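Single-structure report; data block below.
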Amino acid sequence: MFGCAVFKAKVTRVTDISGYTTDVTHVRFTKNPKIKVDCGGARMEFQFHNLRSMKIDRQKIKSIDGRLYFSAEIELKDGTVYGRSQDKGACYICSDNELEGISSKSSYKVSFQKLDNFIVLEKDEE
C-alpha cells in the first residue's frame with residue numbers, strides 16, 4: 001500500500017534592495033545556471049544548489065571583461081566563505097543574472113541589481 005508523502009520545498013529567504021523580505025521556494029538562476037565569481041583574479045562559478053547565502057554590496061563595483069560585477073560575500077553549503085576576509089581580497093559576482101522561484105503560490109523574480117541578499121534556510125530556521 002502506498003501512502004501520500006508530503007515534501008516541503010527548501011525555502012530561500014530573499015531580501016531586495018528596498019528591504020522587502022520574501023520566502024521563496026524552487027529557486028534557480030534564470031540567465032545562467034551558475035553565478036560567475038571573481039575572487040582576487042581567480043574565476044569560479046557556482047550553481048544555486050551549492051550556495052548557503054549571498055550578500056551583495058553594490059557600493060563596490062568593477063568591470064570584468066566588459067561586464068559589471070558587484071562585491072559580494074558568498075557562503076557555500078560546505079561552510080566555505082568567499083569575500084568576508086579583507087586579508088584575502090574582495091570577491092565580485094557578475095550582476096547580469098536573476099533569482100527566480102515561487103513565493104506564496106505565485107512566481108517571483110529579482111535581478112541581481114535589485115537583490116540585497118539571500119539565505120537558504122535549514123529546516124530548523126523555517
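Since we're looking at a predicted model, the values are computed, not measured.
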Within this structure, what is the [atom1]-[atom2] distance for the pair [X] and [Y], rounded to the nearest 0.5 Å?
X      : Y      : atom1 : atom2 : value
Asn117 : Ser53  : CG    : OG    : 8.0 Å
Cys94  : Lys31  : SG    : NZ    : 10.5 Å
Ile102 : Ser107 : CD1   : OG    : 8.0 Å
Asn32  : Asp96  : CG    : CG    : 8.0 Å
Arg13  : Thr21  : CZ    : OG1   : 7.5 Å
Thr30  : Lys109 : OG1   : NZ    : 5.5 Å

Is the shortest heavy-atom distance from the side chain of [X] to the side chain of [Y] under 4.5 Å?
X      : Y      : answer
Lys55  : Phe118 : no
Tyr108 : Thr22  : yes
Val11  : Val24  : no
Asp116 : Ile56  : no
Glu75  : Thr80  : no
Phe112 : Ile93  : yes
Thr12  : Phe48  : yes
His49  : Leu51  : no

* Asked: Can you list the steps and then say if Phe46 with Phe29 is a ring-ring contact (aromatic ring centres under 6.0 Å, His included)?
  -> CA-CA 10 Å; Phe46 300 110; Phe29 297 129; over 10 Å; no

* Asked: Judged by atom type as modelled, is there a donor-acceptor pair below 3.5 Å linking the side chain of Ser95 to the main-chain atoms of Tyr69?
  ->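 No, Ser95 side chain to Tyr69 backbone: no donor-acceptor pair under 3.5 Å.
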
* Asked: Between the main-chain N or O of Leu115 and the side-chain N or O of Arg58, is there a donor-acceptor pair closer than 3.5 Å?
  ->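 Between the backbone of Leu115 and the side chain of Arg58 there is a qualifying donor-acceptor contact (under 3.5 Å).
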
* **Axial cation check for Tyr92 ring with Lys62, 6.0 Å and 45° limits** =>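 Positive - Lys62 is close enough to the ring of Tyr92 and near enough to its axis.
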
* Ionic contact status for Arg43 with Asp65, cut-off 4.0 Å ->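 Looking at Arg43 together with Asp65, the answer is yes, because their closest N to O distance falls below 4.0 Å.
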
* Asked: Is the shortest distance from a Lys or Arg side-chain nitrogen in Glu100 or Arg28 to a carboxylate oxygen in the other one below 4.0 Å?
  ->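 Yes, Glu100 and Arg28 are salt-bridged.
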
* To do: Begin with the C-alpha distance, continue with both residues' side-chain angles, and end with the deciding distance and a verdict on side-chain contact (heavy atoms from CB on, under 4.5 Å) for Asn97 and Lys36.
  => CA-CA 9 Å; Asn97 212 331; Lys36 296 178 190 312; over 6 Å; no

Closest contact, heavy atoms only, [X] versus [Y]:
X     : Y      : answer
Cys91 : Gly83  : SG-N, 3.4 Å
Cys39 : Met44  : SG-CE, 3.5 Å
Lys10 : Val120 : CD-CG1, 3.2 Å
Asp16 : Ser18  : OD1-OG, 2.6 Å

* Show your working on side-chain contact (heavy atoms from CB on, under 4.5 Å) between Lys77 and Asn50 and close with a plain yes or no. => CA-CA 6 Å; Lys77 288 188 178 172; Asn50 293 335; 6.0 Å; no

* Flag yes if Leu76 and Met54 sit in one hydrophobic cluster, no otherwise; membership is Ile, Leu, Val, Met, Phe, Trp, Tyr, and two members link when side-chain heavy atoms are under 4.5 Å apart. =>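 Result: yes, single cluster for both.
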
* To do: Evaluate the side-chain contact (heavy atoms from CB on, under 4.5 Å) criterion for residues Ile119 and Arg52: first the C-alpha distance (whole Å), next the side-chain angles of each, then the deciding distance (0.1 Å), finally the verdict.
  => CA-CA 6 Å; Ile119 183 168; Arg52 164 82 167 123; 3.6 Å; yes

